[in-house]
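Reading through the structure tokens given below for one structure.
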Protein chains: 2
Amino acid sequence: MAASAHTHHEHHGADLSRAAQATLEQAGEQWTDLRAQIFDVLAKFDKPASAYDIADGVSKAAGRRIAPNTVYRILDLFVGANLARRVESSNAYIANAHPDCLHDCIFLVCDSCGQTTHLDDDSITKTVRSAAKATGFAPVRPVIEVRGKCADCEDDQAAG
Amino acid sequence: MAASAHTHHEHHGADLSRAAQATLEQAGEQWTDLRAQIFDVLAKFDKPASAYDIADGVSKAAGRRIAPNTVYRILDLFVGANLARRVESSNAYIANAHPDCLHDCIFLVCDSCGQTTHLDDDSITKTVRSAAKATGFAPVRPVIEVRGKCADCEDDQAAG
DNA sequence: GATGTGAGGTTACAATATCACATGAACAAA
DNA sequence: TTTGTTCATGTGATATTGTAACCTCACATC
């Protein structure tokens, strides 16, 4: 596999929540009920979710209204702490399956079904960073996303 | 220079407008007054402009109100015809200085001043495309942007 | 003149994002 | 016990970005 030298542990379900909690607390932030709920709702989406989607989901789960700006606040915190990522070309967020491990990452976003898969290929992201540096630019956060069609939607097209 | 084997002609001012017109007409679309005005306003911004910024600029220039959705329509046309690009991480648009030549491209966006520079490095974009393909994904449009600090803002920081 | 087509106008609205300020709980200091 | 402080969250308003639906006009063609 080309991606990276070390092995990730991809977390799921309760295990992922625990990993997220650990990471957030190590960052000196609290793992509150609301944050846990928001993380769980986010993690259950199988594709990137907008802050408003999450607000709806959490509101339902909590049985009371959670306003979008509350969600934004917590999402910002999550992104800062590597618990979640923002998909810029979708204006949406996705949980990070290995919050304990820091990467620039690459998203493949299907324009048909919205499915978004996450790639870690450090050789690509390093190349992008150094190309930026070479022009005198100080890179902070690469945004590398690919819009296109996922394998399933390709197949559908071929079959249909 | 690493970027690409062929040489671009970077157009500016009236020359750029002419190149844009030629490209758009070759795509079977009309180069109307309004499109010309929108293109000129877009090209005069020195950083990515939102559709609303452009609507304001064009409204002033034209002496009458041009609504944002009109601007969006025309920007979509421009993006489809390679006259302009959308910078996803800024929700904004930028004129393409060489509309006559098709590339995936890379933007370096300064978080301090908004300055955005445009890189064409086909080796990077090809690598990204093929990494996507390798997972069974059919790439259509890579979005490669780097958020960070431009050389000027870095210097300011160092000096101040 | 009737009809078709493409460009643009107009109104309304949806989706995304931020701001300012209030409340409440936890804890520390007086 | 009261006061102050901090942090998390609530609340309402508003700004920004993006679409949809439908209409009119100009021009071409028949």
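Numbers restart at 1 for each chain; the letters A, B, ... are given by sequence-line order, proteins then strands. This structure is a prediction, so every number in the text was calculated from the model and none was measured.
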Send over the distance from [X] [atom1] to [N] [atom2], rounded to a whole Å.
X       : N      : atom1 : atom2 : answer
B:Tyr72 : C:dA15 : OH    : P     : 15 Å
A:Leu75 : C:dT18 : CG    : C1'   : 14 Å
A:Asp33 : C:dA26 : CG    : P     : 12 Å
A:Glu25 : D:dC7  : CD    : C1'   : 15 Å
B:Glu88 : D:dT16 : CD    : C1'   : 16 Å

Close side-chain approach of [X] to [Y], heavy-atom, < 4.5 Å:
X        : Y        : result
A:Leu16  : A:Pro99  : yes
B:Asp122 : B:Thr125 : yes
B:Leu83  : B:Arg35  : no
A:Val58  : A:Leu34  : yes

Please evaluate residues A:Phe39 and A:Trp31 with respect to the criterion side chain to side chain contact (heavy atoms under 4.5 Å, CB included), reporting the C-alpha separation (whole Å), side-chain torsions for both, the decisive distance (0.1 Å), and the verdict. CA-CA 10 Å; A:Phe39 187 84; A:Trp31 184 253; 3.8 Å; yes
Strand contacts (DNA chain C) in residues 55-68 of chain A, 4.0 angstrom heavy-atom criterion: none
May I ask you to list the residues of residues 43-52 of chain A, by number, that have any heavy atom positioned under 4.0 Å from an atom of DNA chain C? A:Ser50, A:Tyr52
Give a yes/no answer on whether the side chain of B:Thr70 brings an N or O atom under 4.0 Å of OP1 or OP2 in C:dG8. no
Between B:Asn91 and C:dT16, is there a side-chain N or O to OP1/OP2 distance below 4.0 Å? no
Can you give the donor-acceptor pairs under 3.5 Å from side chains of residues 63-76 of chain A to other protein atoms, not counting sequence neighbours?
none

With sequence neighbours excluded, residues passing ring pair (Phe, Tyr, Trp, His ring centres under 6.0 Å) with B:Phe137: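 So B:Phe137 forms no ring pair (Phe, Tyr, Trp, His ring centres under 6.0 Å) with any residue.
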Pairs where residues 94-112 of chain B contributes a residue and the test salt bridge (charged side-chain N to carboxylate O under 4.0 Å, His left out) is met, not counting sequence neighbours: B:Asp104-B:Arg129, B:Asp111-B:Arg147
Can you give each donor-acceptor pair under 3.5 Å made by side-chain atoms of residues 20-29 of chain A, sequence neighbours left out, with the distance rounded to 0.1 Å?
from: A:Gln21; atom 1: NE2; to: A:Glu25; atom 2: OE2; distance (Å): 3.3
from: A:Thr23; atom 1: OG1; to: A:Ala19; atom 2: O; distance (Å): 2.9

Could I get a table of every N or O pair under 3.5 Å where one atom is in the protein and the other is in nucleotides 4-7 of chain C?
from: C:dA7; atom 1: OP1; to: B:Arg35; atom 2: NH2; distance (Å): 3.4

Is it the case that the side chain of B:Lys47 and the backbone of B:Cys113 share a donor-acceptor pair, with hydrogens and angles ignored and the cut-off at 3.5 Å? yes
List, by chain and number, the other hydrophobic cluster members for A:Val140, where Ile, Leu, Val, Met, Phe, Trp and Tyr join if side-chain heavy atoms come within less than 4.5 Å, directly or indirectly.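 Result for A:Val140 is none, singleton.
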Tightest non-hydrogen contact, residues B:Cys110 and B:Cys150, listed as SG-N, 3.4 Å
Show, in sequence, the C-alpha distance, side-chain angles and deciding distance for A:His103 and A:His98, and conclude whether the side chain to side chain contact (heavy atoms under 4.5 Å, CB included) test is met. CA-CA 10 Å; A:His103 282 286; A:His98 37 81; 4.0 Å; yes
Under a 4.0 Å heavy-atom cut-off, which of residues 76-87 of chain B touch DNA chain D? B:Arg86
If you look only at pairs with a residue in residues 135-145 of chain A, which of them pass as a side chain to side chain donor-acceptor pair (under 3.5 Å), with sequence neighbours excluded?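 Only A:Glu88-A:Arg141, A:Ser89-A:Glu145 qualify under side chain to side chain donor-acceptor pair (under 3.5 Å).
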Using five base pairs at each end, measure the axis-to-axis angle across the helix from C:dG1-D:dC30 to C:dA30-D:dT1 and round it to 10 degrees.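 The end-segment axes of the helix from C:dG1-D:dC30 to C:dA30-D:dT1 are tilted 10° relative to each other.
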Just the atom pairs and distances: protein N or O near nucleotides 19-22 of chain C's N or O, under 3.5 Å.
from: C:dC19; atom 1: N4; to: A:Asn69; atom 2: ND2; distance (Å): 2.6

